[in-house]
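To keep things clear, I will list the structure first and then write my remarks on it.
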Number of protein chains: 2
Amino acid sequence: MATASKAGTPAPPSAPKGRGRRGARTSGDDRERAILETAERLLEERPLAEISVDDLAKGAGISRPTFYFYFPSKDAVVLTIIDRLVANAAEGREEILTTLAENGPRAGLRKSLENLYAAFRSRPGVVRAGSDLRPTNGEARDLWGAVMESWVADVTAVIEFERGRGAAPAGPPAREMAIALVQMNERAQYATLLGEAPSLDRDRVLDVLIDIWLRAIYGTPEPG
Amino acid sequence: MATASKAGTPAPPSAPKGRGRRGARTSGDDRERAILETAERLLEERPLAEISVDDLAKGAGISRPTFYFYFPSKDAVVLTIIDRLVANAAEGREEILTTLAENGPRAGLRKSLENLYAAFRSRPGVVRAGSDLRPTNGEARDLWGAVMESWVADVTAVIEFERGRGAAPAGPPAREMAIALVQMNERAQYATLLGEAPSLDRDRVLDVLIDIWLRAIYGTPEPG
DNA sequence: GAACTCTATCAACACTGTGTCGAGAAGGTC
DNA sequence: GACCTTCTCGACACAGTGTTGATAGAGTTC
């Protein structure tokens, strides 16, 4: 989902990048990495709005103008980090339908969601930054929208499958239900991760969410 | 919930205001109103980040320094507007337990939620501004947190009542379920209102949300 | 009607942060 | 050693925020 300048292979001399560096060949990759690392570190310390381009430059041992040689803006740095985090989360992901079939609804759902949120839970600062970016940055909106969409598609498939085999009763269109459920998860997980006002305890979120999912999809908290 | 300088009565000479004006007596109330109206108008045109203090001042026919005579910051203006919108939404609100008892679960829930979201639906720009403010403004976070909390409390009471009279089966602690459900509603309504990436259609949101609520709380979409 | 006190107003300033420009240094290549 | 290319930064131009200080005018008060 979206590009992320990997450098396993030498990388074609002129990659059409939006964020990240332009030419790219030798060192200075170190600088780029230093900037990203600085950003990740600072984001776990304070919100994005309180981090300036100068902070990132200083942290990477370069001057502010030099920062702009590597990234077009502060947002671009954050987007790169999020790109990678999302790719990371998508990587360890197994086919949800398979997981459900193998473990049964409750345990399967739990396994899938636990796996999904593991990557995010380890970097709350990055998650917050992504969320902070959405209001002002269209690219951030699109990126997160695409992530949500892929989850919705998966969940829609699950609901349709379960209804098809008679394990789940009829109800609102599967996709509509999937959207609402995925949105609930996003909101609840986010609130918990950041310790918002009314939010669920860290070790209770998943239990509660899964219970609602099961009741919504199967009509009972303990399906077949 | 939180102050909002009303001026029905002459208002005590020294009201301890955080936002809004200080002394307050004669005209210049016009100016304050002009600023608020300008802000509301502009917010329906473009996001908060693209509105400067200067825009608000110009719109109200005053200079930028004069703006600061009336409000300590741009955020304060938005918070005042949101304060009023929230108060407005809370105003037309009836006891949810009563509404449920009179109309039955499905219709009662529908009536309550429709009523609740009516105020917000008419001013999407203000809602977005409030949401945009949360990342950077603690007061905005607290305000919205308090709103959420009051809804959660109501819903918790409903769930406990329905379980008590045997209409709803046991399940996770009522408050936990209430938090997740209220969060789902917030997220879904917001996404729909702003026409986000994956979101429910305007005329379907409530149906879908209510269906999930009923299944989650009663175990069936058509409780007695 | 002069002295006094408020509210209300703004030009000019100080500051913070962003992004750009143009002049170079440092290294590789022919 | 002339010549790219990568990389670096001082100095600038801008946009926006919030403050200061001086001042205009309206309304007492004696």
Side-chain angles (χ1 to χ4, degrees), chain A residues 5 7 10-15 17-36 38-39 42 46-79 132-133 135-137, chain B residues 5 7 10-15 17-36 38-39 42 46-79 132-133 135-137:
Chain A
S5 68
S14 65
K17 292 298 320 304
R19 1 186 215 294
R21 193 154 81 279
R22 5 264 195 256
R25 176 137 23 119
T26 48
S27 111
D29 262 3
D30 304 343
R31 301 301 197 179
E32 185 171 331
R33 210 169 329 116
I35 292 172
L36 291 167
T38 302
L42 293 182
R46 51 183 197 267
L48 180 60
E50 284 166 33
I51 298 172
S52 69
V53 170
D54 211 42
D55 293 332
L56 297 181
K58 285 256 171 50
I62 55 178
S63 72
R64 209 163 53 76
T66 299
F67 166 92
Y68 287 102
F69 180 80
Y70 293 99
F71 292 94
S73 69
K74 186 172 71 177
D75 286 10
V77 176
V78 178
L79 281 170
D132 289 359
L133 221 49
T136 45
N137 188 302
Chain B
S5 66
S14 66
K17 293 302 315 308
R19 1 182 216 295
R21 196 158 73 283
R22 5 251 194 267
R25 175 134 25 110
T26 47
S27 115
D29 262 3
D30 303 342
R31 302 298 199 182
E32 185 169 332
R33 210 172 327 118
I35 291 171
L36 291 168
T38 303
L42 293 183
R46 51 183 198 264
L48 180 60
E50 285 166 33
I51 298 172
S52 70
V53 171
D54 210 42
D55 293 333
L56 297 181
K58 284 256 171 53
I62 55 177
S63 72
R64 210 164 53 79
T66 300
F67 166 92
Y68 288 102
F69 180 79
Y70 294 100
F71 292 93
S73 69
K74 185 171 72 174
D75 286 10
V77 177
V78 177
L79 281 170
D132 290 358
L133 222 48
T136 46
N137 187 302

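Just so it is clear: chains get the letters A, B, ... in the order the sequence lines come, proteins before strands, and each one is counted from 1.
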Counterpart residues, side chain to side chain contact (heavy atoms under 4.5 Å, CB included), relative to T136(A) (two or more places apart): A49(B)
Pairs involving residues 58-72 of chain A, ordered by first then second residue, that meet salt bridge (Lys or Arg N to Asp or Glu O under 4.0 Å) (sequence neighbours left out): D54(A)-K58(A)
Are V53(B) and F71(B) close enough that some pair of their side-chain heavy atoms sits under 4.5 Å apart? no
Any T66(B) side-chain N or O less than 4.0 Å from OP1/OP2 of dA8(C): no
On a heavy-atom basis, the closest approach of S73(A) and Y68(A) is CA-CE2, 4.5 Å
Rounded to whole Å, the CZ-P distance (F69(B) to dA24(D)) equals 18 Å
Any side-chain N or O of R31(B) less than 4.0 Å from the OP1 or OP2 oxygen of dT9(C)? yes
Salt bridge or not between D55(B) and K74(B)? Use side-chain N to carboxylate O under 4.0 Å. no
L56(B) atom CG is separated from dG16(D) atom P, nearest whole Å, by 12 Å
In whole Å, I'd like the distance from the NZ atom of K58(B) to the P atom of dT17(D). 12 Å
Distance in angstrom units between I35(B) CD1 and dA8(C) P, rounded: 11 Å
Starting from P on dT17(D), measure out to CG on D75(B) and report it in whole angstrom. 10 Å
Would you check if T38(B) and V77(B) make a side-chain contact, meaning some heavy-atom pair closer than 4.5 Å? no
So if I define the base as every atom that isn't primed, P, OP1 or OP2, how would nucleotides 13-21 of chain C read as a B/S/- string at a heavy-atom cutoff under 4.0 Å? -----BBB-
For F71(B) and dT19(D), what is the distance between atoms CZ and P respectively, to the nearest whole Å? 16 Å
